[in-house]
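Remarks on the structure that follows.
Chain A is the first sequence line, chain B the second, and so forth, proteins listed ahead of strands; every chain is numbered from 1.
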Number of protein chains: 2
Amino acid sequence: MPVPARIDYETGKLRITTEFKISISEVISPRLTPGITRMLLRLSGRTGLFLTQKQITNPDNDPDAGLQVSCKRAGKLELSESESYTLKVTPQKAYLNAVTDLGALRGLETFLQLLDGDDQGYYIPAVTIEDYPRFPWRGLMIDSARHFQPVEVIKRNLDGMAAVKLNVFHWHLTDDQGFRVESKQLPRLHQMGSDNLYYTREQIKEVVSYAADRGIRVVPEFDLPAHCTSWLVGYPELASYPGPYNIADRFKIYKTSINPVKEATYQFLDTFFAEMAGLFPDNYIHIGGDENIDDSWDQIPEIIKFKKINGLKNNHSLQIYFHNRLAAILAKYHKKVIGWDEIFDPKLAQDTVIESWQGKEPMFHAVRAGFPCILANGYYIDLMQPTEYYYGNDPLPEGSSLNDSQQKLILGGEVMMWSEFVTPETIDSRIWPRTAAIAERFWSPPNIRDVDDMYRRLDIISLQLEELGLTHERNYPMLLRRLTGNHDIEALKNLVDVVEPVKEYERHQRTQYTTYSPLTRVVDAARPDAQVARDFQRLIRQLLTDKMLDENKLKEAKSWLLLWKNNHNNLLQIIKQAPVLQEIKGLSEDLAKIAAAGLEGLDYIQTQKQAPDQWIEIKMALLDQARKPRGEVELMIIPAIRQIIEAAGEM
Amino acid sequence: MPVPARIDYETGKLRITTEFKISISEVISPRLTPGITRMLLRLSGRTGLFLTQKQITNPDNDPDAGLQVSCKRAGKLELSESESYTLKVTPQKAYLNAVTDLGALRGLETFLQLLDGDDQGYYIPAVTIEDYPRFPWRGLMIDSARHFQPVEVIKRNLDGMAAVKLNVFHWHLTDDQGFRVESKQLPRLHQMGSDNLYYTREQIKEVVSYAADRGIRVVPEFDLPAHCTSWLVGYPELASYPGPYNIADRFKIYKTSINPVKEATYQFLDTFFAEMAGLFPDNYIHIGGDENIDDSWDQIPEIIKFKKINGLKNNHSLQIYFHNRLAAILAKYHKKVIGWDEIFDPKLAQDTVIESWQGKEPMFHAVRAGFPCILANGYYIDLMQPTEYYYGNDPLPEGSSLNDSQQKLILGGEVMMWSEFVTPETIDSRIWPRTAAIAERFWSPPNIRDVDDMYRRLDIISLQLEELGLTHERNYPMLLRRLTGNHDIEALKNLVDVVEPVKEYERHQRTQYTTYSPLTRVVDAARPDAQVARDFQRLIRQLLTDKMLDENKLKEAKSWLLLWKNNHNNLLQIIKQAPVLQEIKGLSEDLAKIAAAGLEGLDYIQTQKQAPDQWIEIKMALLDQARKPRGEVELMIIPAIRQIIEAAGEM
């Protein structure tokens, strides 16, 4: 995962033993040899083999080596650089060939994913792969502003990205709730705008270099003219409305903006971006541009006057003026611009990338005007939709009305990890494993879209991602232990296994959160795309569509329902000692009730008796009640129980 | 944990609600207010309460606040500074008073440990505590040389240390296998001595400041004159034997040393320690001094001649000469010296601290000569002994022959985490929770030594330590998943729950390890002090010593034995796909066999029939066979089964 562009399985196995070696004929970059050393460590870690080869530092042209790597040149970390590779594995030897070292790194990941074991030991199956990405811009955005994410969180996610062949780390570094980069030139930005949680310049360099080692570009985002409260804490004179300002601690859309009509603003931004351009080597800098709702632009005389004098007929025009000025500054420092939908203007430089958070139609609109675009809309993983939802979202869906050259302007897409509700403890469980499936959407041919097969493979990749330090699996029981205050989490886990956090923006609506609110409750432990519920749903669907009632499936369904039915009493004992769980007491009770209803329904079905209308009515009312989220989580087995009840009524 | 010097429980509960506040009348240091803010976050995290108080940045003298903190002055981070505090909790309010902010931080940890819940919500029980440490030097040593431990590993362990009131982080930064500090003055040290895994100066400052915030001193160790191969890679001209040198990748004691007779050595060390003295603010620098076995000191003419000229009658005298020269350099930079037993010499400055890795007798010897000492011997947690073993080791045992003023020279002790066999993935499970019990030995009165009660409390603190990011619990199932390559780890877990890594230095003897060897096998997943085995052992002891056979205990014992008996077949299925598990196949089979023997034995006992001698003989032979470690782990339920078999023979 992602599935290669072309893969042919052949017969035979290349055995991996302690003698296994990787050889490289020529060192063409400082990137590939440490990449191979990391691969050897991961291979050794997964197999427990004491490999005799410890690292590669020099050309090591050993014709007997099990994996022969070759590539022609060092890849440039820029848009549309070649990442293609071919991998041929025979029972005797494997050959990885690529144009660039980037392609070779991608191929090494594929090689490691192919590792398998049998009673003879470890092996790579014989296979011929030709592979290259469908889209050149395959990103993950992490918002470090709303909840700061320390360097180790970023690094382990970069490792995860590399494992699934993502190649752009979009780093949302500033927002109302925090300014997260040290600025030597304008130190009040991070000193007053960050509660002391920011990345030092050295840390930024460390991350950029870590990403580059893995063939990942780092595109920093400095969101302007709105979303900038944290800038204004230290520099209130730049604000449209007079300050003073404090760091925002709520998650609403703030009416703050940088003043677009003052020359001082542009001098300030020139100083700032000169420094940032030196810190971030990528060709692109993301300038934000979204959600500017500052009504000061209609109220401050100086701004009103400026619009009139310059013939800017509305605030949008003024914003475009601002972005054009900013783009000119960035051009001085040899940077191209990427920004959200709102920056779109036909007069922008034609290499400006529009990132669409608003939808495909706005994106197509920009494409038709000749601008390269990437899609963010539909990849908001913070909104807690199941993997399938994101996996089905194609940046360039079949049957679009774009012509060939327009289609080429769709550069790819980005996964969005906004951080209102994530801490370093929980962020990985929001990003992974779902992002692996989206990465496949960006890399693999468009016809790869079998959802069941995706979930099967996702389950495997999820464990492999753990090797890289990602915590999406391991932190789940840890969070449950904290909630129970105890090692005994079984009853709580039985419940939380079948709930998910509420979707879209519902969490904001239910509770007033600040940046200080605890993110350690059931809703934070609960994971999107609850697997137990999903498996149960599939089981019931199969059970009820089979022509003959399958005894094994029936037994399995009943044992799940019985577990849930009996769970509430056990959980009640825990809740008594753990007040933090009070909020899901009703939900637990409802789970028991609907599980009981499911059992009764299965009895009707098994005995081929039709359930009475009144019974159905009562049970459906029960389901309606159970649907109500409590503690901002919702039960995910309700559709399955509904199917059972409906089927019981049709016997 | 650690148990306070004096604690009196009273009646009533101080309720903790969203309105709970902490107030501080005077800000006497930059340490306490962030400490209180961290405490509020942890309190909020554990309870899920949306506390209205978000942080303290200024004096906040609110007479209604639930916890009133007061202290007189900023503590100095140096030996024997006051860490005492009193904590009085009434149903209305709590009062924390301390001389220094260090004492206040210790008291805040106690306050948080007291948090409990009932069906009314969270509360702190009414209590009066007077508390102070028994020993002023309570350390944890982490070896970052043999396996590098990134900054986040160090930070989370500093948090763990603070939670159990340890106050010295002894940082073993250089050894044969790596030089882990950036040196601006002598850059080949880290550049050539570290495989690029070292702490930058900025990272060192970050760690020192992070520790200081938590009231923890950082004592760096630069081990000389031996254990220094990594120094010599970049500066071979300083070696006793001529180079060149490579970074050591084995774990033997290397015969390398810095040349003690060259003036250039001392010029080099002067430059080096001038820089390090600026980087590490603590009064003490650890100069190592252990295990100098370099026979070059008997073979290099220059050194032989030097000894003769200077009347140094043996290598020990030469080493003492070296340490005295080094101590003089450190004195220039206002640093005192701490070193291992081998540096002991009556002519050293009397404030030199001797750290005894060799034993209590060598320590008492130094104490009698008037030197302050700390104990490391008996706290080597890398040697995988059970918690009880370390807990019972008192730096100043009852009945020692030391007089009062000599006793005062025993400053405390340090937990030793040597890193031959730990990675960032596994190091926490070696340090925690056992270190919490040792911390109690260093802090609490000497009569606190009830082992069962220690284990009961250890289990609770272990979960609380997870809140700080420590991974000792959560990484266990993760490592098992990697081994099975699957989410299904039950059969493997059943086995690994009752094994422990081999003890002492046996692992070195069984396998030839290098710094590149995988540390991802069963032995690395297995944890010291296997709790399931310990609990089973206690169960059997109780079962067999009760006058009447307790039916419930018998049932419980049988169900464990049945589980183990039936486990092997399930595990075999997993082993087939996971070659890394082949090494414990025999062990798994033996577990099944001895469990079956245990079941048979219980049947004899239950039916009050005496087991025949031949049966006993066969089963005892089985146990002998099962004792053999496989894959460097050993079964820990053998003594319990042996008890059963013996009891069956005595019916």
Proximity breakdown for Leu519(B) and chain A, heavy-atom pairs closer than 4.5 Å
neither
Side chain, backbone, both or neither: which part of Thr511(B) has an atom under 4.5 Å from a heavy atom of chain A?
side chain
Could you tell me if the side chain of Arg38(B) sits less than 4.5 Å from the side chain of Asp213(B), heavy atoms only?
yes
All heavy atoms of Pro150(B) vs all of Pro424(B), minimum pair found to be CD-CG, 3.5 Å
Would you please classify the geometry between the Phe251(A) ring and the His508(A) ring as parallel, tilted or perpendicular, with 30° and 60° separating the classes?
perpendicular
Check: Phe50(B) ring centre within less than 6.0 Å of Tyr513(A) ring centre:
yes
Hey, what do you get for CG (Leu581(B)) to CG (Leu571(B)), rounding to the nearest 0.5 Å?
6.5 Å
Main chain of Glu420(A), side chain of His147(A): is a donor-acceptor contact present, judged purely on distance under 3.5 Å?
yes
Between Thr471(B) and Arg156(B) the two heavy atoms that sit nearest each other are OG1-NH2, 3.7 Å
Segment of Glu583(B) engaging chain A (4.5 angstrom heavy-atom cut-off)
neither
In terms of heavy-atom pairs under 4.5 Å with chain A, which of Gln120(B), Gln577(B), Glu467(B), Arg46(B) leads?
Glu467(B)
Where does Thr423(B) contact chain A at under 4.5 Å (heavy atoms): side chain, backbone, both or neither?
neither
Answer key: most heavy-atom pairs under 4.5 Å with chain B among Gln464(A), Gln203(A), Gln55(A) is Gln55(A)
Top residue by heavy-atom pair count (under 4.5 Å) with chain A, among Arg521(B), Lys576(B), Lys54(B)?
Lys54(B)
At a heavy-atom distance under 4.5 Å, which candidate from Leu41(A), Asp118(A), Ile460(A), Asp119(A) has the highest pair count against chain B?
Asp118(A)
Filtered by a 4.5 Å non-hydrogen cutoff, the part of residues 473-480 of chain B contacting chain A is Glu473(B), Arg474(B), Asn475(B), Met478(B)
Let me know if Glu206(B) has heavy atoms under 4.5 Å from chain A in its side chain, its backbone, both or neither.
side chain
Heavy-atom distance under 4.5 Å to chain A: side chain of Thr47(B), backbone, both or neither?
backbone
Output yes when Glu466(B) and Arg482(A) qualify as a salt bridge under the 4.0 Å nitrogen-oxygen rule, no when they do not.
no
For Glu425(B), is it the side chain, the backbone, both or neither that has a heavy atom under 4.5 Å from a heavy atom of chain A?
side chain
Going by an N to O cut-off under 4.0 Å, is there a salt bridge joining Arg507(A) and Glu632(A)?
yes
Thr200(B) and His190(B), any side-chain heavy atoms less than 4.5 Å apart
no
Please report the interatomic distance CD1(Ile56(B)) to NZ(Lys21(B)), rounded to the nearest 0.5 Å.
7.0 Å
Between Leu51(B), Leu483(B), Leu40(B), Leu49(B), the one whose heavy-atom pairs under 4.5 Å with chain A are most numerous
Leu49(B)
Taking side chain to side chain donor-acceptor pair (under 3.5 Å) as the test, write out the residues that go with Asp249(B), two or more places apart.
none
Using a cut-off of under 4.5 Å for heavy-atom pairs, which of Thr515(B), Asp459(B), Thr520(B), Leu463(B) has the most such pairs with chain A?
Leu463(B)
